> 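I am attaching a structure below and will ask some questions about it afterwards.
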Amino acid sequence: MRPGRYLLAMAALLLGAIAVPAHGATIQITIDNMVFAPTEVSAKVGDTIEWINKDVLAHTATARNGDFDVTTPPKKTVMSILKKAGTVEYYCRFHPNMKAVLTIAP
């Protein structure tokens with residue numbers, strides 16, 4: 001391959017890599033029998049949380065620091081994207097004994 005074409009091909013590859021956004025992971029947190037499972041989760045900014053409510057009651061995942069407040073109807077799944085790094089304790093506003101921790105890396 002001629003040097004000019006090689007540089008052009010490398011530039012195209014680099015621009016393509018920059019233009020394609022990275023996709024975060026999808027992490028499932030299940031609500032079953034009035035419990036978040038798992039109770040401790042590690043994630044990254046940009047990851048998607050799937051809140052899967054298997055109970056016959058509505059629940060929330062409410063961050064104590066105000067970062068998020070997700071309501072999940074009975075037998076439904078709701079998704080949210082993590083936007084901020086930090087360790088977040090969360091609970092259900094309807095059932096305050098339901099508690100868990102989400103550690104979000106940058």
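Computed over heavy atoms, backbone and side chain alike; hydrogens, waters and symmetry mates excluded. All of these numbers come straight from a predicted model, not from anything done at the bench.
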> Could you tell me whether Glu89 atom CD has more than 12 heavy atoms of other residues or ligands within 6.0 Å of it?
no
> Which heavy-atom pair separates Asp67 from Lys84 by the least distance, and what is that distance?
OD1-NZ, 3.4 Å
> Under the side chain to side chain donor-acceptor pair (under 3.5 Å) rule, what pairs show up with a residue in residues 71-80, not counting sequence neighbours?
Trp51-Ser80
> Check step by step if side-chain contact (heavy atoms from CB on, under 4.5 Å) holds for Leu82 and Ile49.
CA-CA 7 Å; Leu82 300 174; Ile49 301 292; 3.9 Å; yes
> Do Val45 and Phe68 belong to the same hydrophobic cluster, where Ile, Leu, Val, Met, Phe, Trp and Tyr are linked whenever their side-chain heavy atoms lie under 4.5 Å apart, directly or via other members?
yes
> Indicate the atoms forming the closest heavy-atom contact of Ala58 with His95, along with that distance.
O-CE1, 3.5 Å
> So, for Met79 and Thr48, which heavy atoms are closest and what is the spacing to 0.1 Å?
CB-CG2, 4.0 Å
> Does Leu102 belong to the same Ile/Leu/Val/Met/Phe/Trp/Tyr cluster as Ile52, with side-chain heavy atoms less than 4.5 Å apart forming each link?
no
> Could you pull out the closest heavy-atom pair between Thr62 and Asp69, with the gap in Å?
OG1-OD1, 2.7 Å
> Examine Tyr91 together with Phe36 and report whether their ring centres are nearer than 6.0 Å.
no
> Judged by atom type as modelled, is there a donor-acceptor pair below 3.5 Å linking the side chain of Asp47 to the main-chain atoms of Thr26?
no
> Is there a continuous path of hydrophobic side-chain contacts, each under 4.5 Å between heavy atoms, that joins Val88 to Val41?
yes
> Can you confirm whether more than 12 heavy atoms, excluding those of Met34, are under 6.0 Å from its CE atom?
yes
> Between the main-chain N or O of Asn33 and the side-chain N or O of Asp55, is there a donor-acceptor pair closer than 3.5 Å?
yes
> Where do Thr39 and Lys99 come nearest, in terms of heavy atoms and distance?
CG2-O, 4.3 Å
> If you define the side chain from C-beta out and look only at heavy atoms, does anything of Val70 sit under 4.5 Å from Val78?
yes
> Restricting to non-hydrogen atoms, name the atom on His59 and the atom on Ile31 that form the minimum distance, rounded to 0.1 Å.
CD2-CG2, 3.3 Å
> Taking side chain as C-beta onward, heavy atoms only, is Pro74 less than 4.5 Å from Leu57?
no
> Give a yes or no on whether the backbone of Pro73 and the side-chain of Asn53 come within a donor-acceptor separation of less than 3.5 Å.
yes
